[in-house]
Amino acid sequence: MRNYKISNWLFFQGDDSNAWQKDYEDKSWQPVTVPHDWSITMPFSKNNSSGTGYLPGGIGWYRCHIPLTDFTNIDNSVVQLTFDGVYKNAQVWINGYNHGIRPSGYSSFTFDLTEILPYTPDNELVIAVRVDHSDIADSRWYNGSGITRNVWLEIHDYIYIPKYGTTFSTLETKTDVSNIRIQHLITNTYPAASDVRVVNELVSIDGEQTYCFEKKVKLNPQETSNITFNEKLDNPKLWTTDEPNLYMLHTHLYYEADDNKVHSAYTNHVGIRTSQFDVNKGYFLNNQNMKLKGVCLHEDAGCFGTAVPVSVWVRRLSKLKEMGCNAIRMAHNPHAPELYTLCDILGFLVIDEAFDEWENPKNKWWQGHNVYPPKIEGYAHHFPNWHQDDLKNMIIRNRNHPSIIAWSIGNEIDYPNDPYANPLFEEMTGNNDANKPAQERIYNPNRPDTTRLTTIANRLIKTVKSIDDTRPVTLAAAFPELSSQTGLLTEVDLIGYNYKEHLYEEHHKMFPNQPIIGSENGHGYSQWKIVRDTSYISGQFLWTGIDYLGEAHGWPIHGSAAGVLDLAGNEKTRYFLRKSWWTEEPMIYLVTRPLETNTNNHSQIKELSKKWDYCIGEKVEVICFSNCEQVEVELNGNRIPLKFDEDFGYFVTYVVATESPIKALGYKGDKVVAEELAPVLSPAQLKLDIWEIPEIYKNVLQSVFPNITQDVIQIECSLLDRSGKLSDYSQKVAVSVQNGRLLGIENGKLDDITDYTEPFRTSNHGKLVIYVQKNGDSETQVKVETDGIRDTLFTLKTIN
């Protein structure tokens, strides 16, 4: 099989009823590179929806010209075109032939072009795609607009494995032995019966181990057959979160056609591991008990929208890994295929999620959070006709990823009165409904009945299990107080609770055969302690790992600040607090605040800062985030011990400010860690650093994504004072690029509504990230300017 990425397209924003025609004149259209999100290139406007980040949608067209002469030996081949995702309502024509639609923006879909190849006398394929995202209040978060994921042209020989036709499963792992199962669907398009030799080579990605096994199968014309390998592997390298060992599964098909010996090959990366949720003991990976330290993620990345380069995700995920995170919940839809591959490589456990709403729509806040009236566009419009196809696509597409440990069929489907209601509760209050009008919280018999959800859930569960019986089915419940009584939770294998830790003990007794997990959780210490200290709770998933566009509370805020990382992928204060709970290597992070801000709001860690420029004699609260056994601060030669606060999970004391620096010291065993704060002056210099892939992942990433070091150069820009300390200033930074392309600038400020197409942005706490694409192998120059500091000229050479 030959696989070609189709990246170069022409784009027109607007509608044209003739753009589907092969000979349509498109020379004036804008050249773009797919994946492409046109919404992120548009101005923010208060007239757009707060739920989707105050960015517009609309209608857009894409066209692509593919000369078939670029491909050799295409005669009598099977040719297929695959879209990894188009948001949304995609209509596709090839050479003027209508190939169909796909409403969902999250599903992959494939068209077989073989039948129309004889109708291409000029040997050119012209692909036209109409994208309709006119309903911009169609979601509770930002989804972008356009062909936001990769497009592939695949050329197969006579006998081939269809898309997603290989399934790899680990059945059992014991000491030194693992039992695996490999299944292939194989299709014969040759006009005669053929004997096919199927050879599987399982090669560890480091090349140190190889297993080989083969079978023969006879296929009749136009027959698709299923062939299964059940194999025992001696001493395989198991996939774990700490050592995510991967194998390349090379499948070779050998047969004869037209008196020619034919060999076609397919490759999938896989991992050998077992996964189990135990109702009393929690989660086990390869028979080893562990806690899931998870985060939820949406799929946008600031200035890239939802068309996110792989290397940008690597930077973000690497930081989450350093924080101690080992699990990700894909909120609240299937994400781009590359993100799952990165989870395999970096060692994250994944809950994959299919839907945020079923047959009835949820409220979409378009004028600010919980501001009435809502809008109700969204996936529910298509659910009745498309949910089976979309659910099956998620599972079939992603089931070979070792990172995926559970399938979620829905998020907060049972949200009270949104839209389902039940007479068991006179007043129905969910996670954040305190400011809803009273009539929105009381039972209304004219609303859809919640018991309908149980019927739908059981149908979805049956669909999942018909495709994959190796992973549990779960859902994330918003209102388990009621759902535990309506039957919604009865058939799921793993019950997910959103922000309802107080129900764990009661519901563990209520559901003695079903494990429980925190599918969505707040950042507080009490929420973590109940997971840490309760054996039957497998883990938690913070809302969220990274700030995201949309679900905004009101103009000009255009995103959610729930993350431990901001939109630029930079660490927020709460990142280091979480790191002190989730990691073992000694660490310490020193922050302060004036004592008066602590009067009634002790838990608001967002008020903390790396500040030490208080007036002499001012009383200051000093806080250390640390996993050390003892922590103290040194001030004016005095050592002051800190007390661990069991309510908030950090060390704290109070001091009187002086002009001397303050130093924190943490002791763990024979190791000592330290951090110092001193007054910071105004910015005096610009520091530019190219972010580089951590060495531990580089070889594997480059083998799977050969261009990963070249697609985007990420330059971390910092404003420093004259002594080299980070200056907590916000000031305009302008960027120009020669012999390359400025892809965007991100500062993580959710109230900054500067167009993302502008070559400037304001720093956020003295930092921002600049994204640049090099022009081939020649040198690219990046010039960075800001008031009061000498311009910085940065040269990007070829990066290996």
Side-chain angles (χ1 to χ4, degrees), residues 1-12 15-27 29 32 34 36 60-86 89-104 107-132 146-147 149-165 185-192 219 221-224 257-258 262 264 266 386 389 393 396-397:
M1 189 265 286
R2 290 169 285 161
N3 200 17
Y4 303 92
K5 185 185 294 186
I6 309 300
S7 301
N8 298 319
W9 294 69
L10 298 171
F11 172 68
F12 170 70
D15 204 2
D16 190 323
S17 60
N18 296 316
W20 60 272
Q21 298 176 7
K22 181 175 181 178
D23 59 354
Y24 177 87
E25 179 54 63
D26 57 18
K27 291 183 179 178
W29 286 20
V32 297
V34 165
H36 176 252
W61 279 86
Y62 294 83
R63 286 171 61 88
C64 181
H65 298 254
I66 303 176
L68 293 179
T69 52
D70 289 353
F71 307 102
T72 58
N73 301 323
I74 200 171
D75 293 340
N76 299 315
S77 297
V78 174
V79 180
Q80 297 178 334
L81 181 70
T82 294
F83 293 83
D84 284 343
V86 180
N89 295 314
Q91 294 178 266
V92 181
W93 293 261
I94 294 106
N95 285 357
Y97 299 99
N98 185 359
H99 276 254
I101 64 172
R102 191 70 173 211
S104 171
S107 293
S108 301
F109 52 98
T110 298
F111 299 117
D112 196 310
L113 312 186
T114 309
E115 288 185 351
I116 69 164
L117 292 181
Y119 310 134
T120 54
D122 58 357
N123 282 319
E124 183 178 59
L125 287 179
V126 179
I127 307 168
V129 183
R130 183 181 186 269
V131 183
D132 187 349
I147 305 180
R149 299 177 184 173
N150 283 315
V151 183
W152 307 91
L153 188 71
E154 300 167 353
I155 301 174
H156 302 266
D157 292 316
Y158 291 108
I159 297 176
Y160 70 100
I161 299 176
K163 191 74 174 177
Y164 315 127
L185 287 175
I186 304 177
T187 297
N188 180 16
T189 63
Y190 190 61
L219 294 174
Q222 306 307 314
E223 179 186 7
T224 297
D258 293 337
V262 181
S264 56
Y266 297 80
W386 284 95
D389 287 341
N393 176 258
I396 293 171
R397 188 190 77 179

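- To the nearest 0.5 Å, atoms CE (M1) and OG (S77) are separated by 12.5 Å.
- With rounding to the nearest 0.5 angstrom, the CZ atom of F71 is 5.5 Å from the CD1 atom of I155.
- Side-chain atoms of H99 and L113, non-hydrogen and from C-beta on, do get closer than 4.5 Å to each other.
- By the 30° and 60° cut-offs, the orientation of the rings of F111 relative to F109 is perpendicular.
- F12 has its ring centre less than 6.0 Å from the ring centre of W29.
- Within the 4.5 Å cutoff, the side chain of W20 has no heavy atoms near those of the N98 side chain.
- Ion pairing between a basic and an acidic side chain is recognised when a charged N comes within 4.0 Å of a carboxylate O; D16 and R130 show no such pairing.
- Distance OG1/T114 to CD/Q80: 6.5 Å, rounded to 0.5 Å.
- Atom CD1 of I101 sits about 6.5 Å away from atom CD of Q91, to the nearest 0.5 Å.
- Under the 30°/60° scheme for interplanar angles, the aromatic rings of H156 and Y266 are found to lie parallel.
- In this structure, D26 CG and C64 SG are separated by 10.0 Å, a value rounded to the nearest 0.5 Å.
- Distance alone, capped at 3.5 Å, is enough to place a donor-acceptor pair between the N393 side chain and the S108 backbone.
- The main-chain N or O of L153 is never found under 3.5 Å from a side-chain atom of R2 such that the two would form a donor-acceptor pair.
- A donor-acceptor pair is defined here as one N or O able to donate and one able to accept, closer than 3.5 Å; no such pair exists between the side chain of T187 and the backbone of T224.
- Atom CD of Q222 is separated from atom CG of N188 by 7.0 Å, given to the nearest 0.5 angstrom.
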